[in-house]
Each structure stands twice: as C-alpha cells, then as structure tokens.
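Just so we're clear, the structure is a prediction, and the values are computed from it rather than from any experiment.
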Amino acid sequence: MTGKERAKYRAAANGLEPLFQIGKGGISDGLIAQIEDALDARELIKIKALLESIPQPPKELAQAIAEATKADVIQVIGGCIILYRENPELRAKEKEKEKRKKEAAKKLRIQQKAEKYAQKPVKMRYKTPKKK
C-alpha cells in the first residue's frame with residue numbers, strides 16, 4: 001500500500017466511530033469473526049483498545065488482528081487501531097453505481113443542449129434586392 005493510499009484511508013477513518021473495543025480479554029476467535037464481517041461490509045474500520053487493561057501493546061494487537069483477517073493496518077495511535085481490507089464485491093457495486101451516474105449525467109447534458117437549442121431563436125438573413 002502506498003503512502004498516498006494510507007493518507008486517504010486515514011482521512012476517511014477520521015470521522016468513523018470505533019466498532020469494537022478490546023479489553024482485558026484480548027483477541028478472541030469471536031472478535032476476529034466479527035471483525036471479518038465488519039471488514040466485508042465496510043472495508044475500513046476503527047477499533048478501540050482500552051490501554052489500561054489490554055494484555056499487549058496496541059501495535060502488537062493490530063498486527064495480530066491484521067494477520068488473522070488478512071487486512072492492512074492503516075494507523076495505530078494510542079488505543080485507536082484503523083484497519084482496511086478491500087472487498088471486490090463492494091468495489092464492483094460502487095463501479096456499477098458510478099457508471100449509471102455518469103450515464104444519467106450524460107443524458108441530462110444532451111437533454112439540456114436540446115432544450116437550449118430549441119429555445120434559441122433562429123436568425124434568418126434575407127437578401128434585399130438591389131435597387132438600380
């Protein structure tokens with residue numbers, strides 16, 4: 001993952017609320033399964049680690065979760081972990097939606113041009129016969 005992509009995902013995650021909290025129990029199979037489901041649905045998630053009670057440092061937790069879910073660690077700041085995993089199905093839906101949006105915009109432009117030219121008065125030039 002490039003630095004620009006990471007910066008884009010960090011910016012997108014800024015407004016997200018944490019979906020999960022990791023406490024004294026650490027990482028369990030149930031937590032990994034829930035994170036998998038969340039990554040499938042959203043691609044980008046935020047997890048909160050409770051610093052006072054977690055058994056490992058947040059960076060180690062983030063690496064362990066990323067390995068288990070095959071996700072990328074975008075950022076770890078304090079107890080906040082941001083993970084990203086691309087979902088091809090989600091991308092296909094977004095591309096299809098964008099394609100339909102572009103087609104609709106194109107039709108609208110054509111319609112607006114047609115209306116513009118329909119309203120425009122036609123200037124006709126008549127040649128007046130020359131006087132002798």
Nearest 0.5 Å, what's the [atom1]-[atom2] distance between [X] and [Y]?
| X | Y | atom1 | atom2 | value |
| --- | --- | --- | --- | --- |
| Asn14 | Cys80 | CG | SG | 9.5 Å |
| Lys113 | Ile110 | NZ | CD1 | 8.0 Å |
| Gln21 | Leu50 | CD | CG | 4.5 Å |
| Lys59 | Ile77 | NZ | CD1 | 9.5 Å |
| Ile32 | Glu67 | CD1 | CD | 10.5 Å |

For the student: nearest non-hydrogen atoms of [X] and [Y], plus distance:
| X | Y | value |
| --- | --- | --- |
| Leu83 | Ala66 | CD2-CB, 4.4 Å |
| Val73 | Ala62 | CG2-O, 3.7 Å |
| Gln56 | Leu61 | OE1-CD2, 3.1 Å |
| Gly78 | Pro58 | O-CG, 3.3 Å |
| Ala71 | Leu39 | CB-CD1, 3.9 Å |
| Met1 | Asp72 | CE-OD2, 3.3 Å |

Is Arg6 close to Gln75 at the side-chain level, that is, under 4.5 Å between some pair of heavy atoms? no
Looking at residues at least two apart in the chain, or sitting in another chain, which of them share a side-chain contact (heavy atoms from CB on, under 4.5 Å) with Arg42? Leu19, Ile45
By side-chain contact (heavy atoms from CB on, under 4.5 Å), which residues pair with Asn87, not counting sequence neighbours? Asp40, Glu43, Glu89, Leu90
When you group the ILVMFWY residues by side-chain heavy-atom contacts below 4.5 Å and let the links chain together, are [Y] and [X] in the same group?
| X | Y | result |
| --- | --- | --- |
| Val76 | Ile65 | yes |
| Ile81 | Ile54 | yes |
| Ile82 | Leu51 | no |

Using only atom types and a distance under 3.5 Å, with no angle test, would you say the side chain of Glu60 pairs donor to acceptor with the backbone of Pro57? no
Donor-acceptor pair, side chain of Lys46 and main chain of Leu16, under 3.5 angstrom: yes
For Glu17, does the CD atom have more than 12 heavy-atom neighbours from other residues, nucleotides or ligands under 6.0 Å away? no
Check the surroundings of atom CG in Asp29: do more than 12 heavy atoms from other residues, nucleotides or ligands lie under 6.0 Å from it? no
Sidechain N-carboxylate O distance under 4.0 Å for Arg91, Glu94: yes
Are Lys102 and Glu98 within salt-bridge range, i.e. N to O under 4.0 Å? yes
Would Glu115 and Gln111 count as a side-chain contact (heavy atoms from CB on, under 4.5 Å) if you check the C-alpha gap in whole Å, the side-chain angles of each, and the deciding distance to 0.1 Å? CA-CA 6 Å; Glu115 289 174 0; Gln111 183 182 5; 3.5 Å; yes
